[in-house]
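First up is the structure itself, then whatever we jot down about it.
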Amino acid sequence: MLQIKTKTDYALLIMLELAKQPGEIVPLSGIAKKIGISSVYLAQLAQSLTRAGLIKSREGSHGGFYLVGDPASISLLQIIEATEIGPELKCASGGKACAHSATCSLPTIWSGVLAELKDVLRNKTLATLLK
C-alpha cells in the first residue's frame with residue numbers, strides 16, 4: 001500500500017502556491033487561509049522545506065516565503081523527501097507481522113515498484129503540477 005502522509009500533501013500545496021507567485025514573498029497566513037489549515041502547522045512544514053533548500057524565508061512586516069529556483073527544477077520526490085523519509089510501499093498487514101512473510105514474493109515486487117515510483121517522482125516537477 002502506498003503511503004503519503006497528510007503533511008506531504010500540505011507541503012505540496014505550499015510549494016504550489018509559491019510556484020503560482022514566482023519571485024514574490026508570500027505570507028504563510030494567506031496560504032493557510034486559502035487551503036484551510038493552521039498557519040502554525042504550515043510554518044512547521046515550511047521549516048522542513050527550508051531545511052531542504054526548496055524555499056527561503058524573509059522576516060519582517062512584509063515577510064513570508066519564496067521558492068528557491070525554478071519550479072521546473074524542483075522534483076516531486078524532493079518535496080516528499082523534505083517532509084518524510086519518502087514514499088513507502090508496504091504490505092497491508094496493519095502493522096503486524098504478516099503470516100506469509102517467510103514465503104511471500106510481494107516484498108520483492110514492492111521494492112521494484114517503489115524504485116519505479118521514485119523515478120517517476122524524480123522526473124515530475126513542481127512545474128508539472130502547475131499545468
Side-chain angles (χ1 to χ4, degrees):
M1 165 189 313
L2 176 63
Q3 294 181 329
I4 298 289
K5 295 179 173 73
T6 304
K7 67 182 180 178
T8 300
D9 286 335
Y10 289 138
L12 286 164
L13 290 174
I14 292 170
M15 296 295 289
L16 270 173
E17 287 303 314
L18 296 178
K20 288 177 186 175
Q21 302 174 60
E24 293 185 36
I25 296 170
V26 182
L28 280 184
S29 58
I31 296 173
K33 278 184 194 174
K34 186 169 187 174
I35 61 178
I37 65 169
S38 159
S39 57
V40 172
Y41 184 54
L42 276 191
Q44 292 172 354
L45 295 175
Q47 287 177 357
S48 296
L49 295 168
T50 301
R51 279 191 299 273
L54 300 175
I55 64 175
K56 285 191 177 182
S57 65
R58 180 172 150 197
E59 295 185 18
S61 60
H62 299 290
F65 290 85
Y66 59 95
L67 282 183
V68 174
D70 181 14
S73 68
I74 300 171
S75 76
L76 299 185
L77 185 61
Q78 287 176 291
I79 299 167
I80 292 168
E81 289 178 339
T83 57
E84 56 183 284
I85 295 170
E88 295 179 278
L89 288 168
K90 297 180 179 181
C91 291
S93 61
K96 301 173 187 168
C98 178
H100 307 285
S101 62
T103 59
C104 184
S105 62
L106 285 177
T108 304
I109 293 167
W110 287 139
S111 66
V113 169
L114 183 57
E116 290 178 30
L117 174 62
K118 284 185 175 183
D119 284 341
V120 169
L121 293 171
R122 193 176 289 110
N123 292 312
K124 297 291 181 189
T125 66
L126 193 53
T128 307
L129 295 180
L130 286 172
K131 293 178 183 176

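Source: prediction; values computed, not measured. Because only heavy atoms are used, hydrogens play no part in the values below, and waters and symmetry mates are left out as well, while side chains stay in.
Sorted by first and then second residue, the side-chain hydrogen bond (donor to acceptor under 3.5 Å, both in side chains) pairs with a member in residues 38-55 read S48-R51; sequence neighbours excluded. Judged as a side-chain hydrogen bond (donor to acceptor under 3.5 Å, both in side chains), the pairs with a partner in residues 13-36 (not counting sequence neighbours) are, in order, E17-K20, E17-K34.
The side-chain contact (heavy atoms from CB on, under 4.5 Å) search around T128 returns K124, T125, not counting sequence neighbours. With sequence neighbours excluded, the residues satisfying side-chain hydrogen bond (donor to acceptor under 3.5 Å, both in side chains) with T8 are T83, E84. Here R122 pairs with D119 under the salt bridge (Lys or Arg N to Asp or Glu O under 4.0 Å) rule; sequence neighbours left out. Among residues two or more places apart in sequence or in another chain, the side-chain contact (heavy atoms from CB on, under 4.5 Å) test is passed with I25 by R58, Y66.
L114 and V120 are not part of a single hydrophobic cluster, where members link through side-chain heavy atoms under 4.5 Å apart.
L12 and I79 get closest at one heavy-atom pair: CD2-CG2, 3.6 Å. Nearest approach of K118 to L77, heavy atoms of both residues: O-CD2, 3.8 Å. Closest of all the heavy-atom pairs between A19 and L130 is CB-CD1, 3.7 Å. A pairwise comparison of heavy atoms in V68 and K56 identifies CG2-CG, 3.3 Å as the closest pair. The two residues A82 and L49 make their nearest non-hydrogen contact at CB-CD2, 3.9 Å.
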* Do L67 and L126 pass the side chain to side chain contact (heavy atoms under 4.5 Å, CB included) test, and can you show the C-alpha distance, the side-chain angles, and the key distance before you say yes or no? -> CA-CA 11 Å; L67 282 183; L126 193 53; 4.0 Å; yes

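Put simply, the side chain of L18 reaches to within 4.5 Å of the side chain of I31, judged on heavy atoms.
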